[in-house]
A.B. asks: 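Here you go, one structure.
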Amino acid sequence: MRIFCFIHLNPQDRSPQNSNFTVHMKTYSSKNLGDIQTPTYAFPFRSQFHTSFLTLLKSAFKHHFACQPLVQGLQVAVLVFAVFFGLQTGHWRSLFLFLGVTIVLKSTLVFNVYKLYKALGDKAYYRFDKYGISLMTVIDGTQFRYLTEPWRSVEKVYEYSDSIVITFKKEATIAEIVHLTGDGLKEDVKNLLAFWKQVEEGVAIDTTDDYYGEDEIDEIQDFIERRFGEIAMIGHEKKSEGVHIDLAVIEPSEENPYYTIVTIGAGAYRMPLTEEQRIDEVNMEYNEYVMCLPPDWKVLEEGPIKEENWWPIRLLKMVAHSAKDNGDAYLCCETISFEEELEAAKAKSVFLCSPLPNLFRTHYTTKTGRTINFLQLIPVSEEEANHFDSVSATFSEKIKFLLDVDYEEAYDLTTEECEALFTQKIISHFKTLCDLPTEEPIGNNDSRNAAH
């Protein structure tokens, strides 16, 4: 069943210029879309259904009158005539009858607005990207994509001075009409039309590159620093296809005694997950990837990094690129293997889990509506990768096999003890893989002893 949808982008917008009811409308359809200048690259944006019922009602009636000027004008003319007729003849029945019919017709629109307002509340919004218009919902504080209507289902787009209205074809299931109001509408309509035009011109969605907007990059960098530590440097990729992968490097500290390297860019790619994977199994559609290296690993050496030190970082970038290149979806507790020749590499496979220091889920939702999961890559040997491929094991069983840690017992430790334990085990596993000595403890000795 389709519904009327009215979305308010900025509930704080109460500027005087938006209070008038002057109608200045531009109409876009597939027929005139090709004549419109649009940005070369469109950036996703989102709406937030968080406004008053009266704001929605005003937007609905404004579009209703703007799209039916003759009908509405005729109704006004008939109403004036009915009033005049009643005054002259004293017969008011026709006037009351006409008013009753008009009220019933308008009440239908009011009812639809109210029904949607009560149904969605502040638990849903719409995201606009190259895939179409997606209904996003919030479940236990985490945001998920519920349903996406492709751009080919859009019938018309109406641009007003203070709103955007989108109507859909009959086969659409997400809505009949969507209203956007608030600030930033000029940029929103440019991106909206660019996405729509791209699809109408036959550009294959899977072949287009996926990039963050500048605001998203700033948001993600801020989140990385809050979660993992101060960024010492960012390595920028000089040449990119599919996705642009930069690397944020966090140096070892007393609190986190290891290098942390985090990708920035992989999460611009939306992985192909089913509704069951997204909602029932609580998986995010966007990933960034993390790798932790020993504190004495040569990450920031001057000049070109030697391959013997670069290979784990190369493996990190290969995972980040391969998801988009192959149209894959990488989830927690999976093992990813590569057949490519990796010079000086001690591993060609990685195990995915939540990142240090505490191995609990880490995700962040940008202002455009991407909920990005951060997954840690643990390089594993060929023997370990083959073992994971040959058995069906739970996450706890895999952690036990790989790190010799009882995941359930680790929950009984304090946070500091748990972090110290996993830090020691993951870094020691990497050193063992590289035939490096592992005797020297990592981090606070008291926490280490308590963890054991």
Side-chain angles (χ1 to χ4, degrees), residues 26-47 126-136 145-159 164-175 178 180 184-217 237-246 264-275 278 285-287 320-330 366-372:
K26 295 180 181 178
T27 305
Y28 307 99
S29 68
S30 56
K31 294 180 180 179
N32 66 354
L33 197 58
D35 300 328
I36 301 169
Q37 287 292 110
T38 57
T40 303
Y41 187 81
F43 291 103
F45 63 97
R46 59 160 285 182
S47 62
Y126 282 81
R127 173 178 161 83
F128 300 75
D129 56 27
K130 67 179 185 178
Y131 298 96
I133 302 174
S134 299
L135 174 62
M136 311 294 291
R145 180 174 62 88
Y146 182 71
L147 181 67
T148 297
E149 196 67 60
W151 288 107
R152 293 194 181 280
S153 296
V154 174
E155 185 174 50
K156 289 184 179 180
V157 172
Y158 302 86
E159 180 184 4
I164 301 170
V165 178
I166 306 164
T167 61
F168 295 87
K169 299 174 183 177
K170 291 182 179 180
E171 64 268 20
T173 57
I174 199 170
V178 169
L180 307 177
L185 293 177
K186 288 186 177 180
E187 288 302 314
D188 289 342
V189 77
K190 288 179 182 178
N191 287 311
L192 188 158
L193 294 175
F195 284 129
W196 189 19
K197 183 178 179 180
Q198 191 177 60
V199 172
E200 287 292 329
E201 292 178 346
V203 177
I205 293 175
D206 295 338
T207 64
T208 57
D209 294 340
D210 292 291
Y211 297 125
Y212 286 134
E214 290 185 6
D215 291 343
E216 284 183 304
I217 293 176
E237 197 168 51
K238 295 181 180 179
K239 186 178 180 180
S240 306
E241 289 186 6
V243 288
H244 178 86
I245 306 297
D246 293 332
I264 302 176
Y269 161 65
R270 193 180 91 180
M271 299 184 296
L273 300 184
T274 64
E275 182 177 335
R278 291 197 317 269
E285 292 184 287
Y286 306 91
N287 282 344
H321 273 290
S322 65
K324 164 69 177 180
D325 293 343
N326 301 325
D328 287 334
Y330 297 155
T366 70
K367 293 178 180 178
T368 68
R370 297 185 209 262
T371 299
I372 304 167

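Along the sequence shown, residues are numbered consecutively beginning with 1. These figures come from a predicted structure and were not determined experimentally.
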A.B. asks: With Tyr330, which residues qualify under ring pair (Phe, Tyr, Trp, His ring centres under 6.0 Å), at least two apart?
C.D. replies: none
A.B. asks: Work out which heavy atom in Gly327 is nearest to a heavy atom in Pro272; give both atom names and the distance.
C.D. replies: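 Smallest interatomic distance, heavy atoms only, reads O-CG, 3.3 Å.
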A.B. asks: Could you work out, with side chain to side chain contact (heavy atoms under 4.5 Å, CB included) as the rule, every residue matching Asn32, not counting sequence neighbours?
C.D. replies: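 Asn32 satisfies side chain to side chain contact (heavy atoms under 4.5 Å, CB included) with Tyr28, Ser29, Ile36 once adjacent residues are dropped.
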A.B. asks: Assess, by modelled atom type and distance only, whether the side chains of Asp129 and Tyr131 contain a donor and an acceptor separated by less than 3.5 Å.
C.D. replies: no
A.B. asks: Go through the steps to decide whether Glu155 and Lys170 satisfy the test side chain to side chain contact (heavy atoms under 4.5 Å, CB included), and finish with yes or no.
C.D. replies: CA-CA 9 Å; Glu155 185 174 50; Lys170 291 182 179 180; over 6 Å; no
A.B. asks: Got Pro44 and Arg270 here, is their nearest side-chain heavy-atom distance under 4.5 Å?
C.D. replies: no
A.B. asks: Atom CG of Asp209 and atom NE2 of His244: how far apart are they, to the nearest 0.5 Å?
C.D. replies: 11.5 Å
A.B. asks: Can you check whether Tyr126's main-chain N or O pairs, donor with acceptor, with Ser47's side chain at less than 3.5 Å?
C.D. replies: yes
A.B. asks: Hey, could you give me the CG/OG distance between Asp246 and Ser240, rounded to the nearest 0.5 Å?
C.D. replies: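 Here the rounded value is 7.5 Å.
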A.B. asks: Atom CD of Glu241 and atom OG1 of Thr207: how far apart are they, to the nearest 0.5 Å?
C.D. replies: 12.0 Å
A.B. asks: Between Asp328 and Ser322, what is the shortest heavy-atom contact and its length?
C.D. replies: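 For Asp328 versus Ser322, the nearest heavy atoms are OD2-O, 4.4 Å.
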A.B. asks: Is there a donor-acceptor pair under 3.5 Å between the side chain of Thr167 and the backbone N or O of Lys156?
C.D. replies: yes
A.B. asks: Does any N or O in the side chain of Lys367 come within less than 3.5 Å of the main-chain N or O of Asp215, such that one atom is a donor and the other an acceptor?
C.D. replies: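 No; zero donor-acceptor contacts below 3.5 Å.
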A.B. asks: Glu187: what forms a side chain to side chain contact (heavy atoms under 4.5 Å, CB included) with it, not counting sequence neighbours?
C.D. replies: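 Partners of Glu187 under the side chain to side chain contact (heavy atoms under 4.5 Å, CB included) test: Lys190.
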A.B. asks: Picking from Asn191, Val189, Leu193, what satisfies side-chain contact (heavy atoms from CB on, under 4.5 Å) with Thr38?
C.D. replies: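 Going through Asn191, Val189, Leu193 one by one, the side-chain contact (heavy atoms from CB on, under 4.5 Å) with Thr38 is satisfied by Leu193 alone.
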A.B. asks: To the nearest 0.5 Å, what is the distance between NZ on Lys186 and CD1 on Ile164?
C.D. replies: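 Rounded to the nearest 0.5 Å, the NZ-CD1 separation comes to 11.5 Å.
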A.B. asks: For Glu200 and Ser30, work out which heavy atoms get closest and say how close.
C.D. replies: OE1-CB, 3.8 Å
A.B. asks: Go through the structure and list residues passing side chain to side chain contact (heavy atoms under 4.5 Å, CB included) with Tyr146, not counting sequence neighbours.
C.D. replies: Leu135, Thr137, Glu275, Ile279
A.B. asks: Sequence neighbours excluded, which residues qualify as side chain to side chain donor-acceptor pair (under 3.5 Å) partners of Thr366?
C.D. replies: Glu216, Thr368
A.B. asks: Going by side chain to side chain contact (heavy atoms under 4.5 Å, CB included), name the residues that satisfy it together with Val199, two or more places apart in sequence or in a different chain.
C.D. replies: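 With neighbours one apart ignored, the set is Trp151, Arg152.
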A.B. asks: Can you confirm whether Leu192 sits close enough to Val154 that some side-chain heavy atom of one is under 4.5 Å from a side-chain heavy atom of the other?
C.D. replies: no
A.B. asks: Checking the side chain of Lys26 only, and the main-chain atoms of Glu159 only, is there a donor and an acceptor separated by less than 3.5 Å?
C.D. replies: no
A.B. asks: Considering only NZ, NE, NH1 and NH2 on the basic side and carboxylate oxygens on the acidic side, decide whether Lys324 and Asp210 come within less than 4.0 Å.
C.D. replies: yes
A.B. asks: Please confirm whether the ring centroid of Tyr41 lies under 6.0 Å from the ring centroid of Phe43.
C.D. replies: yes
A.B. asks: To the closest 0.5 Å, what do you measure between CG (Asp188) and CG (Leu180)?
C.D. replies: 7.0 Å
A.B. asks: Looking at Arg278 and Arg145, would you say the former's side chain and the latter's main chain have a donor-acceptor pair under 3.5 Å?
C.D. replies: yes
A.B. asks: Are Thr173 and Glu149 close enough that some pair of their side-chain heavy atoms sits under 4.5 Å apart?
C.D. replies: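 SC-SC contact between Thr173 and Glu149 confirmed.
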A.B. asks: To the closest 0.5 Å, what do you measure between CD1 (Ile245) and OH (Tyr269)?
C.D. replies: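 Answer for the CD1-OH pair, Ile245 versus Tyr269, is 12.0 Å.
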